[in-house]
Amino acid sequence: GAVVSQHPSRVICKSGTSVKIECRSLDFQATTMFWYRQFPKQSLMLMATSNEGSKATYEQGVEKDKFLINHASLTLSTLTVTSAHPEDSSFYICSATQQGTHYGYTFGSGTRLTVV
Amino acid sequence: AQSVSQHNHHVILSEAASLELGCNYSYGGTVNLFWYVQYPGQHLQLLLKYFSGDPLVKGIKGFEAEFIKSKFSFNLRKPSVQWSDTAEYFCAVRSGSYQLTFGKGTKLSVIP
């Protein structure tokens with residue numbers, strides 16, 4: 001079945017630095033990828049939607065200059081958290097789908113970001 | 001905007017008990033409906049989905065869900081839970097675009 005690999009699974013960084021999270025679809029072409037943020041005991045909150053080769057569409061309240069999303073190929077999307085602050089500490093999850101199919105959505109295993 | 005409500009935050013059951021987790025959504029048009037499960041320390045996995053056809057959908061591990069359009073509901077059921085079903089369950093809805101809207105999740109704890 002469809003597999004999405006997300007890397008790294010855990011990262012600790014210093015305040016003010018940037019962190020890049022990768023999301024790869026391993027056996028299908030992900031025309032659309034989604035980035036979510038999950039707070040403890042809460043649901044997944046959609047941050048942005050990216051289509052391959054296009055600029056990402058950010059949800060209201062998500063700073064696009066802080067959370068840079070690149071979807072340069074059909075198998076790779078990256079989320080870069082720039083100038084990270086402790087309040088950016090969270091669990092980030094990517095998801096991928098192939099438009100026009102009933103693949104549904106395949107989720108990565110998530111990245112636990114801790115900013116110290 | 002679409003919203004998804006999961007009524008129970010935490011459900012505790014004994015093994016062999018029956019399970020029903022509620023899910024209601026707000027959008028009145030065409031929807032695709034999903035239930036995902038997140039086992040401790042693991043990523044989200046698809047349990048089942050409804051796109052069209054028979055409103056009673058059977059998924060993996062003995063789970064099923066029934067789409068009732070008039071009630072905007074897509075409740076998840078399992079006749080007899082096992083300890084291994086301990087996890088968090090998320091209902092999700094897609095309407096109009098490729099974006100999914102998730103409920104807040106229901107944590108299920110099954111006591112042996």
Side-chain angles (χ1 to χ4, degrees), chain A residues 1-10 21 23-26 30-52 54 56-62 71 77 91-112, chain B residues 1-11 21-26 30-53 57 59-61 65 74 87-109:
Chain A
V3 177
V4 169
S5 173
Q6 187 172 342
H7 181 79
S9 57
R10 289 180 181 273
I21 302 169
C23 181
R24 293 181 185 272
S25 58
L26 298 186
T31 46
T32 303
M33 285 189 170
F34 306 88
W35 287 95
Y36 296 87
R37 185 171 176 176
Q38 187 177 25
F39 294 97
K41 299 184 180 180
Q42 293 192 32
S43 183
L44 285 75
M45 301 300 296
L46 180 66
M47 298 174 67
T49 303
S50 72
N51 292 300
E52 183 264 337
S54 304
T57 302
Y58 290 81
E59 295 299 301
Q60 193 172 13
V62 177
H71 191 170
S77 176
F91 194 59
Y92 294 87
I93 303 172
C94 72
S95 169
T97 190
Q98 185 175 22
Q99 288 191 16
T101 72
H102 279 187
Y103 265 43
Y105 302 83
T106 304
F107 287 81
S109 54
T111 298
R112 172 72 61 192
Chain B
Q2 175 71 268
S3 66
V4 180
S5 298
Q6 289 183 243
H7 315 296
N8 308 101
H9 177 63
H10 191 186
V11 172
L21 301 182
C23 172
N24 286 91
Y25 60 94
S26 61
T30 301
V31 292
N32 301 143
L33 301 156
F34 305 80
W35 274 99
Y36 287 90
V37 59
Q38 189 173 29
Y39 297 103
Q42 296 189 27
H43 62 277
L44 282 166
Q45 299 173 41
L46 181 67
L47 267 182
L48 47 79
K49 61 186 177 186
Y50 171 80
F51 278 65
S52 63
V57 180
I60 61 171
K61 305 186 180 186
F74 190 55
E88 190 150 17
Y89 293 81
F90 293 92
C91 178
V93 177
R94 180 174 76 189
S95 54
S97 70
Y98 278 85
Q99 295 175 355
L100 281 179
T101 303
F102 283 86
K104 289 191 174 182
T106 298
K107 183 178 178 181
L108 172 65
S109 299

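Throughout, a chain's letter reflects where its sequence line sits, starting with A, and its residues are numbered from 1. All figures in this text were calculated on a predicted structure; none of them were measured in a lab.
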**Student:** How long is the straight-line distance from NE2 of B:H43 back to OG of A:S5, given to the nearest 0.5 Å?
**Tutor:** 10.5 Å
**Student:** Nearest 0.5 Å, what's the CZ-OH distance between A:F107 and B:Y36?
**Tutor:** 4.5 Å
**Student:** Measure B:H9 against the heavy atoms of chain A and call it side chain, backbone, both or neither at under 4.5 Å.
**Tutor:** side chain
**Student:** For atom NE2 of B:H7, is the number of surrounding heavy atoms from other residues, nucleotides or ligands below 6.0 Å larger than 12?
**Tutor:** yes
**Student:** Non-hydrogen atoms of chain B under 4.5 Å away: do they reach the side chain of A:Q6, the backbone, both or neither?
**Tutor:** neither
**Student:** Between B:F102 and A:Y36, does the ring centroid distance fall short of 6.0 Å?
**Tutor:** yes
**Student:** Taking the side chain as everything from C-beta on, heavy atoms only, tell me whether A:L44 gets closer than 4.5 Å to B:F90.
**Tutor:** yes
**Student:** Out of B:L44, B:L100, B:V4, return the one with the most heavy atom pairs under 4.5 angstrom to chain A.
**Tutor:** B:L100
**Student:** Checking heavy atoms, do the side chain of A:F39, its backbone, both or neither come under 4.5 Å from chain B?
**Tutor:** neither
**Student:** Side chain, backbone, both or neither: which part of A:L46 has an atom under 4.5 Å from a heavy atom of chain B?
**Tutor:** side chain
**Student:** Working to the nearest 0.5 angstrom, can you tell me the gap between A:T106 OG1 and B:Q45 CD?
**Tutor:** 11.0 Å
**Student:** Which heavy atom of A:F91 sits nearest to which heavy atom of B:Q38, and what is that distance?
**Tutor:** CE2-NE2, 4.2 Å
